Amino acid sequence: MLTKTFSAAIIAIDAIPVTIETMSTQGVGFTIVGLPDAAVKDGYQRIITALEQSKVGWKHRRIVINLSPADIKKEGAGFDLPMAIGMLAANELIPADALADCMIIGELSLDGKVLPVKGALPIAVLARKMGFKKLIVPVDNVTEAAVVNRLEVYGVSSLAEAVGVVSNKGELSPTVIDTRRIFAEQAENFDFDFSEVKGQDTVKRAFEVACAGGHNLLMVGPPGAGKSMMAKRLPSILPPLDMAEALETTKIHSVAGKLTKGSMLMTRRPFRTPHHTVSPVALVGGGANPMPGEISLAHNGVLFLDEFPEFPRQVLEVMRQPIEDRVITVSRAKYTVDYPASFMLVASMNPCPCGYYGHPTRRCTCMPNQVQKYMSKISGPLMDRIDIQVEIEPVEFDDMANRAPSESSSEIRKRVMAARDIQRERFRDLPGIHCNAQMSGRQLRQFAWPDEAGLKKLKDRMTKLNMSARAFDRILRVARTIADLESASALPSRSGSAAPNPASSEASGSPSAEYMTALSAAVSAPVEARHIAEAIGYRALDRPQTFGITY
């Protein structure tokens with residue numbers, strides 16, 4: 001008897017359908033075709049033993065399985081469960097017609113238990129898109145897959161339970177996840193807060209501007225000045241993920257196997273901190289079995305590179321194209337895949353190898369050529385792509401001894417979200433543009449062109465500092481964000497909660513007419529000379545001298 005069972009394979013971060021055709025005839029033997037890898041071929045021994053241990057009435061017969069489409073390589077043990085179900089249906093132990101509306105994934109152990117797999121979320125998205133009624137996944141993946149609505153998702157812990165779901169004889173119920181409640185409970189829950197940061201008002205302002213516009217940021221300062229401490233608090237002032245961003249981010253982490261048992265939709269923006277020994281492939285993705293790299297795992301979030309010059313130059317230079325294009329294309333002899341890479345690059349570095357060049361109280365032990373060589377580890381083209389470059393001074397004792405809390409992350413985040421509201425309204429008719437950092441040259445001239453006084457100031461500073469055309473564009477982007485933050489402070493309170501609404505991908509609660517009127521006015525607010533001046537001030541390493549170092 002010939003039966004068809006439906007499953008899926010992962011390509012990049014998306015799933016493609018795989019039809020498992022199973023033919024059962026008289027005799028003994030097993031053949032599997034359709035470009036299976038070793039893990040899929042080895043599944044026969046796991047399946048046969050699991051069938052025997054599950055006591056589902058299995059009898060040995062000759063089995064031929066075809067994995068269609070046959071020209072795409074099938075990898076991993078996630079096809080164990082659908083192949084086992086197909087073999088049972090081909091032997092008429094379960095009704096074959098029940099397989100038509102069901103997609104199945106899962107790895108089998110020898111005792112019949114179902115083990116978790118990677119990529120459950122993109123497979124759930126595919127199942128809904130193709131109109132399947134049911135999706136059967138390992139119980140450890142069920143909360144991840146169940147965030148997809150209009151689909152019955154069953155989490156099974158054993159082969160016997162999967163058989164019961166397929167034949168409609170089991171007692172399992174589909175898992176239902178309230179995504180609205182998840183966002184409400186977790187969107188504001190952070191481990192670190194800016195209220196714990198003493199002093200450093202200038203740097204905190206730079207962080208606020210960076211988060212409001214999605215700009216890249218570099219901190220230069222001595223050890224112990226608070227660079228890493230502040231970077232860890234960056235996610236607490238970023239705007240929350242909307243539903244589309246949350247799904248896309250969770251898909252990437254699902255495919256990479258980074259979600260823990262029982263994980264659901266990611267509600268916080270990712271914060272990735274790779275060590276400086278990371279390889280280029282680990283950073284950008286790829287490998288024998290292509291997987292997303294760190295820059296894709298940081299998609300819609302932050303990639304923090306501590307001790308920036310300690311990263312190998314080859315590793316740093318591979319980021320130049322993804323920073324500009326916000327996508328990474330990994331091309332190898334056997335495959336070409338695209339991974340999203342829209343991230344905020346945040347980096348920190350010391351001014352010299354010992355860390356104390358230009359320190360107000362401690363003496364630097366480095367020779368001048370050592371300082372120059374250390375700073376030149378970061379290439380000019382890469383530095384050009386960093387919008388905001390700030391110097392960090394050591395914290396004064398009076399600031400450290402001050403027990404009064406600083407401004408909290410929630411207060412800063414309100415201003416950031418208001419500025420993002422302005423940008424969302426501005427780019428409403430421009431798909432793929434969500435913040436000022438993503439503007440193209442044409443959009444800069446449409447939305448961020450300064451007034452006459454601002455243009456004069458920009459020309460003067462660019463001439464004196466010999467800045468590049470890329471620096472010109474990035475100054476305009478940052479100035480546009482500074483102007484948006486200024487306009488955001490004048491916006492009235494928005495009605496309703498600011499937490500994202502998973503159903504609509506917008507903030508829940510309808511804004512008032514007063515708010516929308518003020519928002520429309522803020523969209524067209526001009527970029528003035530003071531905004532340009534502050535944006536130029538954030539180009540610390542473009543100056544002829546920084547920390548006494550001549551460039």
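Remember, predicted model here, so these are calculated numbers, not experimental data. Hydrogens, waters and symmetry mates play no part in the numbers below; they use all other heavy atoms, side chains included. We count residues from 1, following the sequence as given.
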**Asked** Should we count CD of Glu514 as having more than 12 external heavy atoms under 6.0 Å?
**Response** no
**Message:** As an exercise, state the distance from CE of Met439 to CZ of Arg477, rounded to the nearest 0.5 Å.
**Reply:** 6.5 Å
**Asked** Does the side chain of Val163 come within less than 4.5 Å of Leu88's, by heavy atoms?
**Response** yes
**Prompt:** At what distance, to the nearest 0.5 angstrom, does CG of Leu238 lie from CZ of Arg233?
**Reply:** 14.5 Å
**Item:** Side chains of Leu35 and Leu67 in contact at under 4.5 Å (non-hydrogen atoms)
**Value:** no
**Prompt:** Can a donor-acceptor pair be found between the side chains of Asp193 and Ser195 at a distance below 3.5 Å?
**Reply:** yes
**Request:** Just say parallel, tilted or perpendicular for the rings of Phe30 and Tyr44, cut-offs at 30° and 60°.
**Result:** parallel
**Prompt:** Can you tell if the side chain of Thr143 reaches within under 4.5 Å of the side chain of Ile177, non-hydrogen atoms only?
**Reply:** yes
**Message:** Is it true that Ser254 and Glu144 share a donor-acceptor pair across their side chains at a distance under 3.5 Å?
**Reply:** yes
**Request:** Verify the distance criterion only: is there a donor paired with an acceptor across the side chains of His60 and Glu52 at less than 3.5 Å?
**Result:** yes
**Asked** Is the side chain of Gln423 donor-acceptor paired with the backbone N or O of Ala419 at a distance under 3.5 Å, no angle test?
**Response** yes
**Prompt:** Can you tell me if Asn91 uses its side chain to pair, donor with acceptor, with the backbone of Leu93 under 3.5 Å?
**Reply:** no
**Prompt:** Salt bridge check: are Asp14 and Lys251 linked by an N-O gap of less than 4.0 Å?
**Reply:** yes
**Asked** Should the pair Arg268 and Phe190 be classed as cation-pi, given the thresholds of under 6.0 Å to the six-membered ring centre and 45° from the axis?
**Response** yes
**Request:** Would you confirm whether Gln438, through its side chain, and His434, through its main-chain N or O, come within 3.5 Å as a donor-acceptor pair?
**Result:** yes
**Request:** Give a yes or no answer on whether the side chain of Ser236 reaches the backbone of Ser409 with a donor-acceptor pair at less than 3.5 Å.
**Result:** no
**Asked** Taking all non-hydrogen atoms of both residues, which atom of Ala96 and which atom of Ala89 are closest, and how far apart?
**Response** CA-CB, 4.2 Å
**Asked** Heavy-atom distance under 4.5 Å between the side chains of Asp387 and Val209, does that happen here?
**Response** no
**Asked** Where the side chain of Asp101 meets the backbone of Phe132, is there a donor-acceptor pair that is under 3.5 Å apart?
**Response** no
**Lys133 and Leu151: CA distance, side-chain angles, deciding distance, side chain to side chain contact (heavy atoms under 4.5 Å, CB included) verdict** = CA-CA 6 Å; Lys133 180 181 177 182; Leu151 178 69; over 6 Å; no
**Message:** Would Val302 and Arg272 count as a side chain to side chain contact (heavy atoms under 4.5 Å, CB included) here? Give the steps.
**Reply:** CA-CA 6 Å; Val302 176; Arg272 304 296 299 181; over 6 Å; no
**Prompt:** Where do Asn300 and Arg269 come nearest, in terms of heavy atoms and distance?
**Reply:** O-NH1, 2.7 Å
**Asked** Can Phe343 and Ile323 be said to form a side chain to side chain contact (heavy atoms under 4.5 Å, CB included), step by step?
**Response** CA-CA 8 Å; Phe343 60 92; Ile323 289 175; 4.0 Å; yes
**Atom pair CD (Gln321) and CZ (Arg326), whose distance is rounded to the nearest 0.5 Å** = 12.0 Å
**Request:** Verify the distance criterion only: is there a donor paired with an acceptor across the side chains of Ser157 and Glu161 at less than 3.5 Å?
**Result:** yes
**Fill in**
Heavy-atom closest pair (Ile295 atom, Leu303 atom, distance to 0.1 Å) is CG2-CD2, 3.7 Å
**Request:** State, yes or no, whether a side-chain contact exists between Pro174 and Val153 at a heavy-atom distance under 4.5 Å.
**Result:** no
**Message:** Could you measure the distance from the CD1 atom of Ile104 to the CE atom of Met83? Nearest 0.5 Å is fine.
**Reply:** 12.0 Å
**Asked** Do other residues, nucleotides or ligands put more than 12 heavy atoms under 6.0 Å from Glu171 CD?
**Response** no
**Request:** Taking the side chain as every heavy atom from C-beta outward, state whether Pro240 and Arg413 have any pair of such atoms under 4.5 Å apart.
**Result:** yes
**Prompt:** Between Arg420 and Pro239, what is the shortest heavy-atom contact and its length?
**Reply:** NH1-CG, 3.6 Å
**Asked** Does any N or O in the side chain of Asn141 come within less than 3.5 Å of the main-chain N or O of Gly155, such that one atom is a donor and the other an acceptor?
**Response** no
**Asked** Are the side chains of Thr25 and Met23 in touch, meaning some heavy atoms are under 4.5 Å apart?
**Response** yes
**Message:** So for atom NZ, which belongs to Lys73, do other residues, nucleotides or ligands contribute more than 12 heavy atoms lying within a distance under 6.0 Å?
**Reply:** yes
**Prompt:** If you draw a 6.0 Å radius around NZ in Lys74, do more than 12 non-hydrogen atoms from other residues or ligands fall strictly inside?
**Reply:** yes
**Prompt:** Nearest heavy-atom pair of Ile72 and Ile16: which atoms, and what distance?
**Reply:** CD1-CD1, 3.3 Å
**Request:** Decide salt bridge (Lys or Arg N to Asp or Glu O under 4.0 Å) for Arg426 and Asp484; before the verdict, give the C-alpha distance in whole Å, the side-chain angles of both, and the deciding distance to 0.1 Å.
**Result:** CA-CA 11 Å; Arg426 177 182 295 127; Asp484 288 343; 2.8 Å; yes
**Message:** Determine whether Leu297 and Glu294 satisfy the following criterion, side chain to side chain contact (heavy atoms under 4.5 Å, CB included), listing intermediate values before the conclusion.
**Reply:** CA-CA 5 Å; Leu297 293 172; Glu294 288 291 338; 4.3 Å; yes
**Prompt:** Rounded to the nearest 0.5 Å, how far apart are CZ of Phe311 and CD of Glu317?
**Reply:** 13.5 Å
**Prompt:** Which one of Leu108, Asp111, Ile47 satisfies the side chain to side chain contact (heavy atoms under 4.5 Å, CB included) criterion with Leu159?
**Reply:** Leu108
**Request:** Describe, in one word, how the ring planes of Phe271 and Phe304 are oriented to each other, choosing from parallel (under 30°), tilted (30 to 60°) and perpendicular (over 60°).
**Result:** parallel
**Message:** Main chain of Asp242, side chain of Glu245: is a donor-acceptor contact present, judged purely on distance under 3.5 Å?
**Reply:** yes
**Item:** Non-hydrogen atoms of Leu217 and Ala210 that approach each other most closely
**Value:** CD1-CB, 3.8 Å
**Asked** How about Glu75 and Val40: do any of their side-chain heavy atoms sit closer than 4.5 Å?
**Response** no
**Message:** To the closest 0.5 Å, what do you measure between CE (Met103) and CZ (Phe6)?
**Reply:** 8.0 Å
**Asked** Counting distance only, does the side-chain N/O of Asp325 pair as donor-acceptor with the main-chain N or O of Val327 below 3.5 Å?
**Response** no
**Request:** Before accepting this row, confirm whether a basic side-chain N of the pair Glu152/Lys134 lies closer than 4.0 Å to the acidic partner's carboxylate O.
**Result:** no
**Fill in**
Given the options Ser342, Pro292, Pro270, His299 meets side chain to side chain contact (heavy atoms under 4.5 Å, CB included) only with Ser342
